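Note that the structure is a prediction, hence the values are computed from the model and not measured. Naming convention: chains lettered A, B, ... in sequence-line order (proteins, then strands); numbering from 1 in each chain.
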There are 6 protein chains.
Amino acid sequence: MKPVVVRNIKRADPNAIGTLGAAGVATTHEALGRSGLMKPYMRPIFPGASMAGPAVTVLAQPGDNWMIHVAVEQCQPGDVLVVGCTADNTDGMFGELLATALRARGVKGLVIDAGCRDVKPLTELNFPVWSKAISAKGTVKSTLGAVNVAVVCAGVNVEPGDVVVADDDGVVVVPKALAVETAQKAQKRKDDEDGKRKQLEAGVLSLDMYNMREGLAKAGLRYVDNPEDV
Amino acid sequence: MKPVVVRNIKRADPNAIGTLGAAGVATTHEALGRSGLMKPYMRPIFPGASMAGPAVTVLAQPGDNWMIHVAVEQCQPGDVLVVGCTADNTDGMFGELLATALRARGVKGLVIDAGCRDVKPLTELNFPVWSKAISAKGTVKSTLGAVNVAVVCAGVNVEPGDVVVADDDGVVVVPKALAVETAQKAQKRKDDEDGKRKQLEAGVLSLDMYNMREGLAKAGLRYVDNPEDV
Amino acid sequence: MKPVVVRNIKRADPNAIGTLGAAGVATTHEALGRSGLMKPYMRPIFPGASMAGPAVTVLAQPGDNWMIHVAVEQCQPGDVLVVGCTADNTDGMFGELLATALRARGVKGLVIDAGCRDVKPLTELNFPVWSKAISAKGTVKSTLGAVNVAVVCAGVNVEPGDVVVADDDGVVVVPKALAVETAQKAQKRKDDEDGKRKQLEAGVLSLDMYNMREGLAKAGLRYVDNPEDV
Amino acid sequence: MKPVVVRNIKRADPNAIGTLGAAGVATTHEALGRSGLMKPYMRPIFPGASMAGPAVTVLAQPGDNWMIHVAVEQCQPGDVLVVGCTADNTDGMFGELLATALRARGVKGLVIDAGCRDVKPLTELNFPVWSKAISAKGTVKSTLGAVNVAVVCAGVNVEPGDVVVADDDGVVVVPKALAVETAQKAQKRKDDEDGKRKQLEAGVLSLDMYNMREGLAKAGLRYVDNPEDV
Amino acid sequence: MKPVVVRNIKRADPNAIGTLGAAGVATTHEALGRSGLMKPYMRPIFPGASMAGPAVTVLAQPGDNWMIHVAVEQCQPGDVLVVGCTADNTDGMFGELLATALRARGVKGLVIDAGCRDVKPLTELNFPVWSKAISAKGTVKSTLGAVNVAVVCAGVNVEPGDVVVADDDGVVVVPKALAVETAQKAQKRKDDEDGKRKQLEAGVLSLDMYNMREGLAKAGLRYVDNPEDV
Amino acid sequence: MKPVVVRNIKRADPNAIGTLGAAGVATTHEALGRSGLMKPYMRPIFPGASMAGPAVTVLAQPGDNWMIHVAVEQCQPGDVLVVGCTADNTDGMFGELLATALRARGVKGLVIDAGCRDVKPLTELNFPVWSKAISAKGTVKSTLGAVNVAVVCAGVNVEPGDVVVADDDGVVVVPKALAVETAQKAQKRKDDEDGKRKQLEAGVLSLDMYNMREGLAKAGLRYVDNPEDV
C-alpha cells in the first residue's frame with residue numbers, strides 16, 4: 001500500500017447513477033449479473049435511507065480515521081465516501097463532525113467497513129451511513145492510508161468513481177465502465193417487474209407466469225395428496 | 001430428502017391459533033414448557049410486526065428459491081410460510097414479487113432461515129417477514145427441495161400445519177397436536193400476568209409476590225450492609 | 001463468587017451524572033480517555049432511548065434471573081440496573097413484569113449482557129433496555145449470584161454506584177471516583193465541538209481546522225494528480 | 001416438551017451403520033440427497049476422530065446436564081449420544097466423568113450442540129466428541145428435558161435410532177428408515193469415486209471425465225487468451 | 001484510564017498456584033463457585049498447552065502493542081502475561097520476538113484478548129499462548145495503555161497477581177485473595193473425582209452414584225416403554 | 001461479472017515467490033506495508049502447512065463449484081488456486097477428487113473463501129487448504145463464474161498471477177508488480193529479526209533495543225511503585 005492521495009478521478013456517468021439509484025440495490029445487483037454486493041453485515045444506521053453516487057475511496061488502518069479527514073477535500077457534490085480497512089474493525093471511525101464536513105461539500109452519504117458513532121445527530125442531520133457496527137469507540141490519527149485507490153469494502157473491490165447504490169437492502173457497487181449498460185438492464189428489469197407484479201396481484205401463480213411446471217417435473221418433483229404418500 | 005409436494009395437510013385448530021397469536025411469542029413459549037423457540041437471530045424486517053397461523057413448510061437448497069414458488073400454490077388464506085434450508089445461507093431468497101403472490105392468496109407472512117430483500121416495498125406492503133439476514137443477493141432456481149414436509153428452521157423442527165407465532169420477540173412453533181392445550185395454558189398465563197402486573201405497579205416486590213425470600217435464604221444468600229462486609 | 005447482596009452502596013455524584021447523560025456516550029467515552037465502553041453488540045431495544053444513572057449491579061448465572069428479582073429491592077429512584085452473567089447467554093432474562101417492578105421504584109432502565117423479551121410492551125412502557133440479544137427464551141430461578149458486587153458486563157468492569165450512560169451509540173461506564181472530573185472534561189469537549197461544528201458547516205476543512213497537513217506530509221503522504229501517477 | 005424417557009427405541013440396521021461409517025460423512029451426505037448435515041460449527045475435539053452408530057437422543061435445557069445423566073442408562077454398546085438444547089449454549093455440559101460412564105456402557109461417542117470440557121482427558125481416553133464449543137463452564141442439574149424423543153441438534157432433526165456418522169468433516173444424520181437404501185448409495189458412490197480418482201491421478205481433467213465442456217459452452221462460458229480480451 | 005505502570009504487585013501464593021495448575025481449568029472453575037472463566041473464544045495456539053502463574057496485566061489499545069513491550073520489564077520468572085484491549089480486536093499484537101523476550105525472563109505464557117502471530121515459531125519455542133484469534137496483522141506503537149492495573153480480558157476482570165490457569169479447556173482466573181481457599185477446594189474435588197471415576201469405570205450409574213432418581217421423579221420425569229406412550 | 005476464462009496470465013517473479021514463501025506470512029505482510037492480509041477466519045485444514053505460489057483465480061457462485069473444475073485446466077506446476085465467492089458461503093466446495101486433479105498438475109494448494117471437505121484424505125495427500133469453514137455440504141454445478149479475473153477472497157483483491165503466501169498465520173497476497181520489491185524488504189526484515197532475536201534471548205529489553213523509553217515518557221507514561229500510587 002502506498003500512502004497516496006489521487007486528486008483527479010473519473011466518475012461514472014451521472015445519468016446511469018440516477019437510473020441505478022432509482023432502481024435500488026436488489027435490481028442493480030441482478031442487472032450486474034448478481035455480483036458487486038457488499039456483505040449483508042453492512043446496515044444503514046437508520047431505516048429508509050437510500051442514496052447513489054460515485055465513490056471517493058479511502059483505505060484506512062483499523063481504528064484510525066486520519067485518512068477520512070484527508071478524503072473530505074477530494075469530495076465533490078453528489079459523491080459517496082467509501083471506507084475500507086486493512087483489518088477487521090468495529091471502532092467508531094466516523095461521527096457527527098465528519099458528517100458535517102461532508103455535508104458542507106454536498107456528499108450524499110458514507111459506506112464504511114467499520115463502526116459509526118453519533119447515530120442520533122446523524123439521524124437528525126439525515127446523513128445516511130451504512131456501516132458494519134455502531135460503536136462510540138474513539139480512534140487515533142497516527143498511520144497513513146490512501147485516498148482514491150482501489151479498496152476492498154465489505155467483500156467488494158471498489159475503484160474510485162464506481163457507482164455505489166445503497167438502501168435498506170444493503171450496498172452494491174457497479175464498476176464505472178459498466179454503469180451505462182447496467183443502468184439500461186436495471187431499467188428493463190424494473191419495467192418487467194411492474195408487469196409481473198400486476199399479474200401476481202391478480203392471482204396468477206409464478207409457477208405459471210415463469211413456466212416452471214415442466215422444468216420441475218423434469219427435475220423429478222412429485223406431487224402427493226397426503227403425508228403418508230411421501 | 002425426497003423432492004415432493006404434499007397437497008393436503010392438517011392445520012392446527014384456528015381458535016387456538018387466534019389465542020396464541022393474541023398471547024404473543026414469550027407467553028406461548030412459556031405455555032409450551034419453554035420449548036419451540038427459534039434462534040434469536042430470526043428478526044422481523046420492520047418493528048411492530050406480529051402474526052400467527054398454520055405453517056406451510058418449504059425445504060430449500062441454500063441460495064435457491066425454486067421451491068418457494070412451488071409452495072405458493074399450496075397456501076390458503078391465513079397460512080404462514082416457513083422456509084428452512086439444507087445449509088447456512090444469507091442470500092435474499094424472498095422479495096417483493098413473491099410477497100405479492102403470497103398476499104394475493106391471503107398468506108399472513110413469512111419465516112425464512114436465510115435472507116430477505118426488498119425491505120422497503122415489503123414494509124410498504126405491510127407484509128411481515130422474519131429472517132436471518134437482509135441481503136439483496138439473487139438466487140437460482142436449479143435444485144429441488146420439498147413442500148409440506150418436516151423442516152428444521154432456525155433450530156426448530158416444524159411440521160406442516162403447526163402453529164407459528166411471531167412478533168418483535170422472535171418466532172415460536174407449537175406442534176399442532178398441542179395447540180389447543182397450549183392455547184389454554186397461554187390464556188391462563190396471560191390472565192395471571194395481568195394480576196401480577198397490577199401488584200408490581202403498586203410497588204409490591206416480586207420477592208414477596210413469588211415468596212422467594214425463604215428459598216433464597218435456604219440456598220445461602222447473605223445480605224450485608226456494606227461492601228467491606230462481603 | 002460469594003452469594004451476597006450489598007445493601008448500601010456509594011453512588012456517583014448526581015450532578016456529574018446529569019452532565020455525562022447530557023454529553024452522551026461518545027463524548028463521555030472520549031472524556032474518560034477512550035475507555036469504559038461496552039462491546040458494540042449491546043444495542044437498545046428501541047431507537048432514540050437514552051439514560052444515565054448510578055449502577056446497581058447484578059451477577060447472574062446464564063439463563064437464571066433469580067438475582068434480578070433480588071436486585072429490585074436495592075434500587076432507588078434514578079438508578080440503572082446492570083446485569084452481567086458468568087457465561088455467554090442470550091436467553092430472555094428480563095421482560096415486562098420486571099420492568100414494571102423497576103419502573104415502580106423509579107429505575108431509569110436496564111443494561112443486560114444477555115437477552116431481553118417483551119420488546120413491544122417495554123417500548124410502550126418507554127422502559128429502555130440495552131441488551132446483547134432479543135429472545136423470548138424463558139429462564140429459571142435456581143442458582144444464586146450476587147447483587148452490588150463488581151461485575152463484568154459486555155467487556156467492562158462495573159462497580160456498584162458507577163455512572164452508566166447509554167444512548168443510540170451504546171453504553172459507557174465511568175468509575176464513580178472519576179465521575180466529576182470526567183463530567184468536566186465531557187462538558188469541555190461538548191463546548192469545543194460546538195465551535196468546530198460551526199467551522200465545518202461553514203466549509204472549513206478539518207485538515208486545516210486541526211492543522212493536519214504538516215503531520216501528513218511528514219508521515220510521507222503524497223498527492224498525485226492521476227491514478228497512473230501512483 | 002414433555003419430560004419423559006423412552007426406554008425402547010428401534011435402532012437402524014447395524015450393517016447399514018457399518019457401511020455408512022466406512023463411507024464417511026461427505027459420501028453419506030451425498031448419498032442422502034445432500035441433506036441431514038449438521039451445521040459446520042460442530043467440530044471434533046481432537047483430529048482424526050470418526051464414529052458411526054444409532055442415536056440415543058437427549059433434549060436438554062441450556063447449561064443443565066441432568067438429562068445426560070439420565071440418558072446413560074438408556075445406552076447400549078455401539079450407540080452414539082446426541083444432545084440438543086432448547087436454546088443456544090456453549091457451557092461445558094459434558095466432561096471426563098460422563099465419558100467414563102458412557103465408555104463403561106460401550107458408547108462410541110458424543111454429539112452435543114453445546115460445550116464440552118476436559119479435552120485433555122477425553123483425548124487420552126480416545127472418547128470422541130463433536131461439539132459447538134470447548135468450555136469449562138460448569139452446569140446445573142435443575143430442569144427436566146427428555147430422552148429418546150426427537151431433538152434438533154445443530155440444525156438437524158434427530159429421531160432416536162437414526163444413524164449418526166461423524167468424522168473430521170462434521171456430523172451427518174440418516175433417518176433409520178432410509179439407512180439401508182442410503183448405505184447402498186453411499187457404497188456405490190465410494191466405488192465410483194475410486195475409479196474417478198485413478199483417472200484424475202493419471203491427469204484426466206474432470207472437465208472431460210464429467211463431460212462438462214458442452215454444458216459450459218451452452219451456458220455461455222467464453223475462453224479468451226488475454227486479460228485485455230475480457 | 002491512566003497511563004501508568006505499577007512496579008510492585010502482590011502475587012498469589014505460589015503453592016496455591018501449583019495446586020490450581022495441577023487441578024486444571026475445569027476443576028479450578030468449579031472450586032471457585034463456577035466463576036472466573038474467560039469466554040470460550042480464548043483458545044490455545046497449539047494443543048496440549050497448560051500453565052499456571054500470577055498475572056502481570058496489560059491494558060492495551062486495539063492494534064497497538066506498545067504496552068506489551070513495557071510490560072516485559074515488570075515480569076518475573078513464573079509470571080503469566082495477561083493482555084486486555086479497550087475494544088474488540090483480532091490483530092496479531094504478539095509474536096516470536098516478544099515471546100523470546102518473555103522467555104528470557106522466565107515468563108510461562110501469554111493470555112491475550114486479541115490476535116497472535118508466528119504460530120509456528122511459538123510452537124517450536126513451546127511458548128503457550130491463549131488468544132482470541134490467529135492473525136498476522138501488524139500493529140502500531142502509538143497510544144499508551146497501562147501495566148499492572150485491573151483489566152477485563154475475555155469477559156473476566158483480572159487484577160495484577162491473580163492466579164491464571166490455562167489449558168486445553170480455556171482460561172480461568174482466581175482472585176489472589178481466594179487462591180489458597182480455592183486451591184484447597186480444587187484439591188478436594190480432584191480427590192473426590194478419582195473415587196467417582198473408579199465407580200463409573202466399574203459400571204455404576206451416575207444416577208445412582210449421585211442419588212438422582214428421587215429428585216427426577218419429584219420433578220416429574222416419567223419413564224415410558226415406547227415412543228407411542230409419550 | 002462476465003463468464004469468461006482467461007488463458008494466459010502473467011505470473012509473479014519465481015525468485016520473489018521463493019523468498020516470500022521462506023519469509024512467511026507475517027514478515028511478508030509487514031514488508032508489504034501491513035496490507036494484503038486475508039481475514040483471520042481463513043485457517044489451514046491441518047497444522048504446519050505452508051506454501052507460496054502465483055494465483056490462478058476463480059470467481060464462483062456460493063455453493064457451486066463448476067468453475068473450480070474449469071480452473072484446473074488453467075493451472076501450471078507451482079500455482080496456487082484462489083477461490084472467491086459472490087456471497088458468504090460455507091459449503092464444502094472442494095474435496096479429495098479436485099485435490100487429486102490439482103495435485104496431478106503440480107498445484108501447491110488451495111485458498112477458498114468457503115468450505116472444504118474430505119479433511120482426512122486431504123491431510124493424507126498432504127494437500128494444503130486454507131478455508132473459511134470445514135463442511136461436507138455438497139455443491140451444485142449450475143451457474144457460471146469466471147477464471148483468472150480479479151476476485152475478492154476473504155477481504156483481499158487478488159489478481160491472477162499475484163503471489164499468495166500461506167502458513168499457520170493465515171494468507172497474504174502480494175500484487176505481482178510489487179513482488180520483487182516486497183521480497184527484498186521481507187528478506188531484510190528477516191535478517192534484521194535474527195539479530196534482534198539474539199539480543200532478546202540474551203535478556204536485552206525491547207524497550208532498550210528499540211529506544212522506546214523516551215517516547216513513552218514524552219507520551220506521558222508514569223511509573224509508580226505501588227497500586228495505591230495510581
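In the displayed structure, C/Glu228 atom CD is contacted under 6.0 Å by more than 12 heavy atoms of other residues, nucleotides or ligands.
Contact check for A/Arg105 versus C/Leu205: side-chain heavy atoms found under the 4.5 Å cut-off. Counting heavy atoms from C-beta outward, C/Val230 and A/Val6 have side chains that approach closer than 4.5 Å.
Rounded to the nearest 0.5 angstrom, A/Lys137 NZ and C/Arg34 CZ are separated by 6.5 Å. If you take CG on C/Asn226 and CZ on A/Arg7, they are separated by 10.0 Å, rounding to the nearest 0.5 Å.
When heavy atoms are compared at a cutoff of 4.5 Å, A/Ile134 approaches chain C by way of both its backbone and its side chain. Of the atoms belonging to C/Glu193, heavy atoms from both backbone and side chain fall under 4.5 Å from chain A. Only the side chain of A/Lys2 comes within contact range of chain C, judged by heavy atoms closer than 4.5 Å. Heavy atoms of A/Thr143 lying under 4.5 Å from chain C are absent altogether. Using a 4.5 Å cut-off between heavy atoms, C/Tyr210 touches chain A through its side chain atoms alone. Using a 4.5 Å cut-off between heavy atoms, A/Lys10 makes no contact with chain C at all. In this structure, chain A has a heavy atom under 4.5 Å from the side chain of C/Leu37, while its backbone stays farther away.
A salt bridge does not link A/Arg117 to C/Asp169: none of the charged side-chain nitrogens sits closer than 4.0 Å to a carboxylate oxygen. Between C/Arg213 and A/Glu73 a salt bridge is recorded (basic side-chain N to carboxylate O distance below 4.0 Å).
Ranked by heavy-atom pairs shorter than 4.5 Å toward chain A, the options C/Gly203, C/Ser35, C/Gly220 are led by C/Gly220. Contact count against chain C (heavy-atom pairs under 4.5 Å) is highest for A/Thr139 among A/Leu98, A/Leu102, A/Thr139. Contact tally against chain C (heavy-atom pairs below 4.5 Å) for A/Thr100, A/Ile9, A/Asp91: the top residue is A/Thr100. Your options are A/Ser135, A/Gly115, A/Gly138, A/Pro160, and the one with the most heavy-atom pairs under 4.5 Å with chain C is A/Gly138. By number of non-hydrogen pairs under 4.5 angstrom with chain C, the leading residue of A/Gly95, A/Gly145, A/Ala104 is A/Ala104.
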Legend entry - Residue pair C/Asp168, A/Lys120: steps toward the salt bridge (charged side-chain N to carboxylate O under 4.0 Å, His left out) verdict: CA-CA 6 Å; C/Asp168 286 320; A/Lys120 199 178 174 188; over 6 Å; no
Legend entry - Full working for side chain to side chain contact (heavy atoms under 4.5 Å, CB included) between C/Leu216 and A/Val70: CA-CA 9 Å; C/Leu216 288 162; A/Val70 172; 3.4 Å; yes
Inset, instruction - Any chance you could lay out the side chain to side chain contact (heavy atoms under 4.5 Å, CB included) test for A/Leu97 and C/Leu200, step after step, and finish with the verdict? - result: CA-CA 7 Å; A/Leu97 289 183; C/Leu200 295 169; 3.8 Å; yes
